[in-house]
Chemist: 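Handing you a structure now.
The basis for the numbers below is simple: all heavy atoms, side chains too, and nothing from hydrogens, waters or symmetry mates. Predicted model only: the values in this text are computed from it and were never measured. Lettering follows sequence order; numbering is per chain, from 1.
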Amino acid sequence: MAQPQAAGELDAVALETALLEAWKQENAFQASIDSRSNGAPFIFLEGPPTANGKPGIHHVVARAYKDLVCRWKTMEGFQVQRKGGWDTHGLPVEIEVQKRMDLMSNEAIEAFGMDNFNQACRESVWTYESAWREMTERMAYWVDLDNPYVTLDNNYVESCWWALKQMFDKGLLYRGHKVLPYCPQTGTSYSSHEVALGYKEVEEPSVYVKFKLVDEDASILAWTTTPWTLPGNVGLAVGPEVTYVRARVTEQAENWTGAGGAEVGEVVILAKDLMKEVLRHNVEIIEEIQGKSLVGMAYEPLFPDAVPRNDSTTAWTVLEADWVTTTDGTGVVHTAVMYGEDDYNLGMAAGLPAHHTVGMDGAFIEGTHPQLDGRYVKECDQTVIDLLSAQGGSNGKGPSSGLLYREKAYLHDYPHCWRTDHPLLYYAMDSWFVRMTAVKERLLEFNDGVEWAPDWVGEGRFGEWLRNVKDWAISRERYWGTPLPVWRGENGEMKCVGSIAELQSEVAKAVAAGIENPPCPDDVDLHRPIVDAFTLVDEHGKPMHREPFVMDCWFDSGCAPFAQWHHPFDGGETFEASSPVDYICEGVDQTRGWFYTLLAVSTTVFDKPAYKRCLSLGLILDAEGKKMSKSKGNIVDPWDHFNREGADATRWYMVTAGAPWNPLKFDSNGVRETYAKMFLTLWNIYKFHADYAALDGFDPEHNPVPVEQRPTLDRWILSRLASTATNYHSDFVGWNFHKACRDLEEFVVNDLSNWYVRRSRRRLWDDAESTDKLACQHTLHEVLTTVCKLMAPVSPFMVDIIHRNLTGETVHQASWPLGVPGTLEGATADSWDLDAAAATANLPPQDLDLEASMALVRELAEVGRRIRVEAGRRQRLPCAQGWIVAGPDLADFHDILAEELNVEAIEVEQDLDRFQRIELAPNFRALAPKARANVNAVANEIKASQDPEALLAAIEAGTCEIMGIQIEMSDVELKRAEREGFAASTVQIGQGDEASHISLVLDMNDTPALLSKGLARDITRRIQAKRKTLNMEIEATIDLEIWMKDAPELFDEDQQWIVNETRCAAAAFHPTDLQAPADADSFEVDGITVWFAVS
RNA sequence: GCGCGGGUAGCUUAGUCGGUUGGAGCACCCGGCUGAUAACCGGGAGGUCGCAGGUUCAAGUCCUGCCUCGCGCACCA
């Protein structure tokens, strides 16, 4: 073990950057893992960030919590491998490149060349890689960035292909048509987790439309908020059990605004419950009808040429659907098969024609209507309204008032593209799905086994998501991503390719069958357009082409547990040994993202859970409480703090600012505060110890002083250390890192710095060797090294410097003070022998009585200062006497108290009544059950008692009865108040029945000796301050001259005391009538003027 | 609309089983202490515990409704 060197002044940033360099030289990260080579593994999985955006402070938070747990578990003896990862596919990358290269449509991309485009994407992905790396290293997130997994790597893609093939072989993968939210601008449909990113409240025109019946001079009213879907209308849905009415218009409506209308005598059909909401005319009800009797009625198509009837017998008739309600609209649902999920399902079931009126570009298809063809649908709302409201309506077969009844502005949330902000269209498209609904029960079961922090995310948010699980739409009509490895022939045969080898053999088969193919080498790039070029053959030798999709990039990251090892092609053992992983940690926004896709892939491929513990972090908000995002420009740059307060303070602040799962309002001042309070204090404690340890040649391994032989103060701080560490650990176990760290900070600042070190200062000033000084040094050594270990997972820099200087060893290979379960025989990440683990703990003995006594002493010291403030007596003027009245025996602490209180002597006085009178207060908890409704009256009797002592005596004697209630001692609390004329104060110790009181009384009388002593202290203090401003060495001596006016006598012994304290070589105390020179310093205290000169 | 989590001093927050005087820190004011600190200590000022009801002898705490913020889900015909 090394002997401590003196510590310098703190420069946190320089300290950290120098240490980073040392870590790099020593390969400290790898060494910390290697030091646990015999430890049980604890498996961590890094959620891959996208490196095409600049890292912000919110990324630092997530990385801090990842690092914290990994470092903690390492100190507990586990081996924690941490492989980095990068998410490199997906729409965000494409959008970035599209913007930069001005390729804002699919046509533009294809004209530019898909290979060129994808090459640009491949490069763009790494734009901020170095920024990420620098941030990661600077904050000391220990993760292997030299061998990361990268989702665009061929090996990674191959594992994804393999996974998809497992699903395919299990029948979990299917091609379907599904109505999906679709963005015509990006040309892609979105999965629900992407849609959720873009809901916006918008006001749009909604319309009530008349559907003119064929066999009757009446119209059915239906409502829609998307007029652009009306040309695609092929059916009307009614609730079979809903009551509808035929209503005839009896008079013109007044104050009509907007388009549409109806004439007197027109007949409309709608749900009875919605007449008031919908109709603006007075009507008479002709009859009420059940929905089911409307079924089958035919009506005139609104746009006769827009959709071909083909062989449908049900097109443009009334259909029944049990999901139709009367909460909105007219109780009749306009059905456009291709533009709504319910519509599509109903249309398929009822045999409606499935025909698009809108193209993939979001524009009406030619032949829909001359005024609409080729126009973007969202710009056609008014045209549709105009066409409908023309006389006879858009089909010329409507009433002369037109087919529009009303229009109404409608405010609702509507999904928008989260990248381009365009409104999404619900659109029926070809798509590939993973049948998650088939494994729903397993998902729920696996989720039950996950330890979530906080638990309500798992049970509530995530559980709710799983209970409503939908099939996962995994295909994207995009370019940059893992290609969907499915080839499909004209007749619908399909082949899913699960590896490069399989691709090669299929290509060979195709070539053998006479189909030309480009070469397919071992290192064939598994991206578009390379893989698009391969044509395979089915069993009959017919060509099969690849389905032109890439996969949802969430599928990539969901494959991370095995794809990072290139399982099953390589790394099989590594994967088997690490599945499911022990710990993942990401922002709560990953609930439907990574948290879900990990579980989804793992369940469908392996029928296993993916992770055992998941820490879900709250969002990071800016100072105003807004979410930090690139688009808002409110991202805090972590370097602002790395370069000012350092990474230690930044990390500690983030952990102590709140529970990890709560939203964190990131406050730059908070980092500053943490630095000043926690780290500066810790450094100064350390500096105090290290400077004297170096001066005295202290060696922690020599001249040990057994704990039981150390002074009370030492045993106290060691016990506090043990208590704090124990709580710290159990808070870690319960994920309450914020509580753990707040308590430890309290310990360092309050107990260690403001009491132990302050009280111990003089012990180390002593030049001579002494057991007491040694005891203090050993104690400081033990406390500091343990605090370093506890803090190391959270803030790894300063504590390593301290630990290294005190012990010669890095803290990051040290043992966790509460034990090293990871090193135990047979231990796993989840379980170990508790007794054996406890035996590896290393903490000093606890003495809770001592802690309680010291707490009381400290409280009395504060009470003393309060008394002085109230009595107007300055702290430096001693009191002759202090009395402690009642309370436990504090004899061991009288020395401390006398010094803190600045009294000449402490005495214990048992007679409370000498200084105090008693007061009785009701104890409601005991009294209420007995007195019930009279409790307040009884309580007032007790409080208002004129002679509380007599009342107390009566209660003690058992003869006290108030309002028929027998009052016992447990029904009252004894309180004490000072009698007149005493400077005293009382504190309560304990709670409830255990409560007792202890009082402190100070003697306020002055004597010449006391005045002299007080004056000496004031003079000393001023001289010391002067020495400091003169920047004098502590050992330097001075010559002193003193002049005084209106001063009490300064006794010889007090003069001598000043001389000693201020290290005077020579001192002159001048008579009071001598005038001080003009350049002497002076001060006044209690009407006394003192001049002094230091040289 | 539904679900989850919030709303406590100017700001950041603690508050256990309901117990009568709601704690801290920052900032502010006054005083003290200091040869460890950018610190510390005492005091002061600052609170409609989101609002309104209810239960109870007693509500920041439990119940109901509402307002509001964040997040999520759903609907959006």
Side-chain angles (χ1 to χ4, degrees), chain A residues 10 192 196 199 204 206 222-226 229 236-237 321 323-325 327-336 339-343 410 412-415 426 454 456-457 459-462 464-465 468 588-589 591-592 618-619 621 623 625-627 657-658 661-663 665 667 669-670 672-673 675-677 680-681 683-685 687-688 691 739 742 746 749-750 753-755 757-758 761 765 861-870 872 874-876 900 921-929 931-939 992 1021 1023-1025 1027-1028 1032-1034 1061-1063:
Chain A
L10 177 61
S192 45
Y199 271 93
E204 295 183 298
S206 71
W223 179 66
T224 182
T225 58
T226 50
T229 62
L236 292 173
W323 43 263
V324 175
T325 64
T327 53
D328 272 319
T330 65
V332 180
V333 177
H334 139 67
T335 299
Y339 310 110
E341 190 175 343
D342 285 335
D343 308 49
Y410 183 68
H412 64 156
D413 285 336
Y414 194 84
Y426 286 93
W456 48 259
V457 166
E459 286 158 18
R461 185 171 294 197
F462 196 55
E464 188 193 343
W465 170 262
N468 297 320
V588 69
D589 50 333
T591 308
R592 271 81 182 187
L619 286 173
L621 311 173
K626 298 231 168 58
K627 182 174 173 173
W661 43 83
N662 281 344
K665 273 193 196 175
D667 178 11
N669 291 329
R672 187 85 190 144
E673 219 175 278
Y675 169 74
K677 210 173 156 187
L680 203 50
T681 304
W683 185 259
N684 280 303
I685 295 166
K687 182 166 149 51
F688 172 70
D691 287 355
K739 288 189 180 169
R742 285 171 177 176
E746 184 70 16
V749 172
N750 198 23
S753 176
N754 289 337
W755 195 253
V757 171
R758 186 164 70 80
R761 172 147 301 282
W765 285 353
E862 289 179 14
V863 164
R865 285 179 218 125
R866 189 157 56 228
I867 292 170
R868 282 175 179 274
V869 167
E870 284 165 5
R874 64 183 211 273
Q875 184 71 28
R876 283 188 215 94
E900 285 292 323
N923 176 10
F924 282 83
R925 202 189 280 267
L927 212 47
R932 306 184 68 86
N934 289 330
V935 65
N936 282 328
V938 174
R1021 136 102 179 98
I1023 296 166
Q1024 303 288 40
R1027 286 180 61 116
K1028 200 173 181 182
M1032 297 180 71
E1033 293 294 316
I1034 290 174
E1061 284 290 308
T1062 59
R1063 292 182 182 259

Chemist: Would you state whether a donor and an acceptor, one from the side chain of A/T681 and one from the base of B/A36, lie under 3.5 Å apart?
Modeler: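 There is none.
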
Chemist: With both distances under 3.5 Å as the test, what is the Watson-Crick or G-U wobble partner of B/A52?
Modeler: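 Pair assignment: B/A52 / B/U64.
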
Chemist: Between A/V324 and A/G331, what is the shortest heavy-atom contact and its length?
Modeler: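 Looking at all heavy atoms of both residues, the shortest contact is CG1-O, 3.4 Å.
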
Chemist: Which nucleotide, B/G3, B/C76, B/G70, lies nearest any side-chain atom of A/L619?
Modeler: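 It is B/G70.
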
Chemist: For A/L680 and A/V332, find the nucleotide of RNA chain B closest to each by heavy atoms; which residue's nucleotide sits nearer the 5' end?
Modeler: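 So the residue in question is A/L680.
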
Chemist: The side chain of A/N662 lies closest to which of these nucleotides: B/C41, B/G5, B/U12?
Modeler: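 Output: B/G5.
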
Chemist: Measure the spacing between OH of A/Y426 and CG of A/D343 and express it to the nearest 0.5 Å.
Modeler: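 So the OH of A/Y426 and the CG of A/D343 are separated by 11.5 Å.
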
Chemist: Ignoring the backbone of A/R761, work out which of B/G5, B/C41, B/A36 is nearest its side chain.
Modeler: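 Looking only at side-chain atoms, A/R761 lies closest to B/A36.
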
Chemist: Which protein N or O atoms sit under 3.5 Å from an N or O of nucleotides 25-29 of chain B?
Modeler:
residue: B/G25; atom: O2'; partner: A/E673; partner atom: OE2; Å: 3.2
residue: B/C26; atom: O4'; partner: A/E673; partner atom: OE1; Å: 3.4

Chemist: Would you indicate which nucleotide in B/A38, B/C76, B/C4 comes nearest to any side-chain atom of A/W456?
Modeler: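 From the listed options, B/C4 comes nearest.
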
Chemist: Write down the distance between CG (A/N468) and P (B/C75), rounded to a whole number of angstrom.
Modeler: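 In whole Å, B/C75 P and A/N468 CG are 10 Å from each other.
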
Chemist: Taking any strand in view, what nucleotide pairs with B/A24 in a Watson-Crick or G-U wobble way, both distances under 3.5 Å?
Modeler: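 The base-pairing partner of B/A24, which may sit in any strand shown, is B/U12.
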
Chemist: For the side chain of A/D342, counting heavy atoms from C-beta on, which of B/C73, B/C76, B/U12 is nearest?
Modeler: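 Nearest to the side-chain atoms of A/D342, counting from C-beta on, is B/C76.
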
Chemist: For the side chain of A/V757, counting heavy atoms from C-beta on, which of B/A36, B/A38, B/C73 is nearest?
Modeler: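 The answer is B/A36.
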
Chemist: A/E746 has an atom CD; how far is it from atom P of B/A24, in whole Å?
Modeler: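 For the pair A/E746 CD and B/A24 P, the rounded distance is 11 Å.
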
Chemist: By side-chain contact (heavy atoms from CB on, under 4.5 Å), which residues pair with A/N662, not counting sequence neighbours?
Modeler: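 A/N662 satisfies side-chain contact (heavy atoms from CB on, under 4.5 Å) with A/A659 only.
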
Chemist: So what does A/R742 touch, heavy atoms closer than 4.0 Å: a base, only the sugar-phosphate, or nothing?
Modeler: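 Result for A/R742 = sugar-phosphate.
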
Chemist: Heavy atoms from C-beta onward define the side chain here; which of B/C73, B/U37, B/A38 lies closest to that of A/N754?
Modeler: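 Nearest listed nucleotide: B/U37.
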
Chemist: For A/T335 and A/V333, indicate whether the former's side chain and the latter's backbone hold a donor-acceptor pair under 3.5 Å.
Modeler: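 A pair under 3.5 Å: yes.
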
Chemist: Mind checking A/T330 for me? I need base, sugar-phosphate or nothing, with any heavy atom below 4.0 Å counting as a touch.
Modeler: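 No contact.
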
Chemist: Now, which nucleotide makes the Watson-Crick or G-U wobble pair with B/G72, with each of the two distances under 3.5 Å?
Modeler: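 Answer to the pairing question: B/C2, which forms a Watson-Crick or G-U pair with B/G72.
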
